[in-house]
Amino acid sequence: MSNVVAMSRLRTRWLGVLVLVTGFLTTAGSQPATALPDELWFDAPAAATLTVENGRFTDGLGREVVLRGYNVSGETKLKENNGLPFASVADARKSATALRALGGGNSVRFLLSWAYAEPVRGQVDTVYLSAATDQMRAFLDAGIRVYPDFHQDLYSRWLFDPDSWYTGDGAPKWAVDLGDYPDEYCGICPFWGQNITSNEAVKQATYDFWHNEYGLQDAFLDTAQKTMAYVKQNLTATQFAGVVGFDPWNEPHAGTYDSGQTSRAWEKDVLWPFYVKFRARMDAAGWQAKPAFVEPNLFWNANLDFQKQEGGLLDAGTMGPRFVFNTHFYDQKAISGVFMWGKAEDGQYAGDFGTVRDRASAAGTTGIISEFGHPLTGSVSDKAPTVYKAMYQALDSRVKGANWWSDPVGSGPVLSGSQWQWDIYNGRHRELMNDNPDKVQTEGDAWNGEDLSAVRLDDSGKAVLRQDARLLDRVYPSATAGRSVAFTYEDRSRDGSTTLTWNPVPSSLPNVRQLVGSGQYALLVWRSDGSSEPTELHLPASFPNASTTVVSDLGTTASPPAYTRTTPIAAAAEPGGTGSRRLLLTAADSGTLHYALVTNGATAPSASLLSAARTELSSWAASEFNQ
C-alpha cells in the first residue's frame, strides 16, 4: 500500500470519526462530546462512504465492499400509495429492520417514480420527494446503503386502457398525452415483457423518449437533477454517505430501432450519451463522488437465443470509477416453463454471471446485478428453490460447487446483487389496475400477475419470509480489508424436503468435513494490504454465537468474543440496531494470504479438532494458492 493511499485512508477515517462524534455524540448546550468507544472506531461514516477503486466497490476505509440486498419495492409501480414504496415511514422502518435481520441485506435499490416526482410538466412535487426521502432515511438509519432508481416498465401506465391485460409504470400522464400513440395492443402475449417489442404504443413512446421528442428526455433529466439535489439537501451528511449512487433508467430498450441500426449501435449513439448527460446532472446536484449505476440494453445477456441482442455498452470505452456496470438477470428458460423442464443445477449460472464480471472488468469498473429472481407461485414456482440457490451461488463465485475446492483460484471477485423484490404488502394490495374499479389487484405483487416478493406481513402485521431463510440470510464478505481471492458459501437451503448441498467439503479434508458436518459453512480467502481495519462477514441468524465456529490462519474459536482492536477473530452487532451480527477478522499485515472458515455445524468442538482442521486448511491454501 502506497504512502499516499495510507495517508488518504487515515485522513478519511479520522474525518469520519469526527463527523460521528460531533454529529451524534454531542450533548445539549456546551457539554463536551462523549468519547467514541474504542471498539466502534470502524463504524464511522467513512465506512459507509462508497466509491469504485481498482474495479471493486471500496469504502472510505479502503476496504473492498460487496452489496447484497433487495429491491424496495415494486409497490412504487402501483398507484395505491402514490408511487412510494411504503404507505408510511413506520412501514418503511418495519421493512428495513426485517430486511436487515431476516433477509441479511446491507443495501437496497430504492425505487422512485418519475410520474409522481413530476406530475405536472416542469413542476417537481416536493411533497412526494419529501415522503420518498423520509422512507429512504429509514433504511439509511438501519445501516443499509441505498441506491435510488427511477423505475419504468413499458414506459407508462397511461399508455394502457382500463380493460387491458397489462399495465406499465414510469413516465407521467402529461408525457403520454404529448404523443399521438396508437391504441395499445400486444396480441398473443402470455408474458407482460413481450409488450416491449410487440406493443406499438409502448414502442413508439419509448422511441420518443430516447430521441427527446417534445423535450421528454430533457424534462426527465431536469427532474432527476432536482430530485438528487433535494435528497442531498434533506439528508444529514452521515445519511447521505450511505447513498451509494443512482440508477438512471430501469431496463432500457430502444422501443424501435432506426433504419439499419443495430442494438449495439443504439447503445453507442443513444443510450451512452444519455448516461453521460445523467452523470453531468449528478455532478450538478452534488453527487460528484457517487457513481451512476448504468444498465445496458436489457436483452444483451438474455439466456434465450431469440431474445439476445448484441450490447453490454461495448462501445462506451473504459467507463471508469464514475460508473458501475449494472445489469439484470432472469432465467427466461425457467420462467417460460417450456425451454427448461427440470430444476436448476450446481453451476447453472456461473457462465452468465461470469460474463457480467468480465464486462465490468473490461469497462474499468465493478458490476452489480441489480435485479434477479423467479416466480414464487404459479406453474413454474417449483423451480424457484434451485434457481435462486444457483443465482446466489453464481454471485458468490464463478466456479460451480463441485469444482470449488479444487479450483478456488478461479472463484473470482464476489459479485454484488439486489434480489427482486422486498414488498411487505405482498398479497395485501388493493390496486385498481389502470384505474379500473372492476379490476382490483390484491394477490401477489399486484402488478401484471407477478409474485416475487421474498417477504410479506402476517395477520399480526409482522414481517415474515416467503422463502427459505437459509437461502436468503447468507454469510458474505461485506467488507474485506485487502483483496478477496476466493469465496464460497454452502447454505444447505431446501427444495421441498430435500437439502441442497452443492459444495460438500471434500473427503481429502476429513477434519474440516467433521467440523462442518451437516451445517452451513463459508470460506473466504483474501490477501491483506496493510490495513488495520477488520474484514467483515455478515452472520445470518442461523449462526448464533454459541454455535459459530471459525477456523483461520488468524486463530480458531468456537464462540467469537466481542470485538476489540487487538482481537483477531471477534463478533459484533451490525450498524443500525436491527439485531443482525457480523464476524470481524483483523490482520494488520500486507501481502499475506489469509483464510477463514465459518460454520455452524458444531457446538463446542474440541481443541484438537479445531487444530486438525486448521492444519488441513493451511495445507490446502498453500497448495491451491502456491504459497
Side-chain angles (χ1 to χ4, degrees), residues 16 19-20 23-25 40 42-50 57 59-60 65-73 75-76 84-112 130-149 231-232 234-245 370 416-419 421-425 453-457 461-465 469 472-474 476 478-479 536-541 571-584:
V19 170
L20 183 62
F24 287 93
L25 299 179
L40 297 180
F42 57 88
D43 282 339
T49 302
L50 205 67
F57 285 120
D59 70 13
V65 168
V66 172
L67 300 178
R68 285 291 174 86
Y70 304 83
N71 282 261
V72 179
S73 75
E75 173 71 22
T76 301
L84 291 166
F86 303 99
S88 65
V89 173
D91 278 0
R93 292 194 187 106
K94 178 186 293 187
S95 180
T97 299
L99 188 145
R100 191 75 145 140
L102 300 179
N106 67 357
S107 60
V108 292
R109 181 172 180 246
F110 191 97
L111 274 60
L112 297 172
S130 176
T133 304
D134 286 344
Q135 294 184 10
M136 202 179 298
R137 187 180 294 111
F139 286 83
L140 295 166
D141 289 347
I144 297 170
R145 290 184 173 96
V146 171
Y147 61 108
D149 154 52
V231 170
K232 183 178 188 296
N234 288 275
L235 294 175
T236 67
T238 301
Q239 291 165 343
F240 189 60
V243 179
V244 299
S370 62
S416 294
S418 301
Q419 181 176 326
Q421 65 163 323
W422 190 269
D423 174 18
I424 61 173
Y425 307 118
S453 178
V455 69
R456 66 177 179 86
L457 297 179
K462 178 183 177 182
V464 295
L465 294 178
L472 299 183
D473 192 11
R474 310 175 62 80
Y476 60 91
S478 54
E536 301 184 22
L537 290 91
H538 171 69
L539 286 176
E574 296 271 22
T578 61
S580 56
R581 297 168 59 252
R582 55 188 161 163
L583 182 71
L584 303 166

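- Judged purely by atom type and a 3.5 angstrom limit, Tyr425 uses its side chain to pair as donor or acceptor with the backbone of Ala87.
- Atom CG of Asn234 is separated from atom OG1 of Thr133 by 6.0 Å, given to the nearest 0.5 angstrom.
- Between Leu465 and Leu472, some side-chain heavy-atom pair lies under the 4.5 Å cut-off.
- Within the model, atoms CG of Leu99 and CD of Gln419 stand 10.0 Å from one another, a figure rounded to the nearest 0.5 Å.
- Applying the salt bridge (Lys or Arg N to Asp or Glu O under 4.0 Å) definition to pairs two or more places apart or across chains, those involving residues 88-100 are Arg100-Glu574.
- Aromatic ring centroids of Phe139 and Phe86 lie under 6.0 Å apart.
- If you run side chain to side chain contact (heavy atoms under 4.5 Å, CB included) between Ser416 and each of Val65, Val244, Leu67, only Leu67 comes through.
- For the pair Asp423 (side chain) and Val72 (backbone), a donor-acceptor distance under 3.5 Å is absent.
- At least one donor-acceptor pair under 3.5 Å links the side chain of Tyr476 to the backbone N or O of Gly104.
- Nearest heavy-atom pair, Arg581 versus Ala571, reported as atom, atom and distance to 0.1 Å: NH2-CB, 3.6 Å.
- Arg582 is not listed as a side-chain neighbour of Leu537, based on a closest heavy-atom distance of 4.5 Å or more.
- Side chain to side chain, Ser107 and Tyr70 fail the donor-acceptor criterion of an N or O pair below 3.5 Å.
- Note: Leu50 CG to Tyr147 OH = 11.5 Å, rounded to the nearest 0.5 Å.
- Side-chain atoms of Thr238 and Thr236 include no donor-acceptor pair closer than 3.5 Å.
- Partners of Asp473 according to the side chain to side chain contact (heavy atoms under 4.5 Å, CB included) rule, which considers only residues two or more places apart in sequence or in another chain, are His538, Pro540, Ala541.
- Rounding to the nearest 0.5 angstrom, the gap separating the CG atom in Leu235 from the CZ atom in Arg137 is 5.5 Å.
- A donor-acceptor pair under 3.5 Å is formed between the side chain of Asn106 and the backbone N or O of Arg68.
- Contact annotation: the side chain of Gln135 approaches that of Leu84 to within less than 4.5 Å [non-hydrogen atoms, C-beta and beyond].
- To the nearest 0.5 Å, the span separating CZ on Arg109 from OG on Ser418 amounts to 7.5 Å.
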Worked check of side-chain contact (heavy atoms from CB on, under 4.5 Å) between Asp141 and Gln239: CA-CA 7 Å; Asp141 289 347; Gln239 291 165 343; 3.1 Å; yes
Chi angles and distances behind the side-chain contact (heavy atoms from CB on, under 4.5 Å) call for Lys462, Leu457: CA-CA 5 Å; Lys462 178 183 177 182; Leu457 297 179; over 6 Å; no
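- A side-chain hydrogen bond (donor to acceptor under 3.5 Å, both in side chains) with Trp422 is found for exactly one of Ser453, Ser95, Ser73, namely Ser95.
- Atom CD1 of Ile144 sits about 13.0 Å away from atom CE of Met136, to the nearest 0.5 Å.
- Counting only distance, with no hydrogens or angles, the side chain of Arg145 and the backbone of Val108 share no donor-acceptor pair below 3.5 Å.
- Minimum interatomic distance between Asn71 and Ser370 (heavy atoms only, all atoms of both residues): ND2-O, 2.9 Å.
- Considering only heavy atoms from C-beta on, Leu112 comes within 4.5 Å of Pro148 through its side chain.
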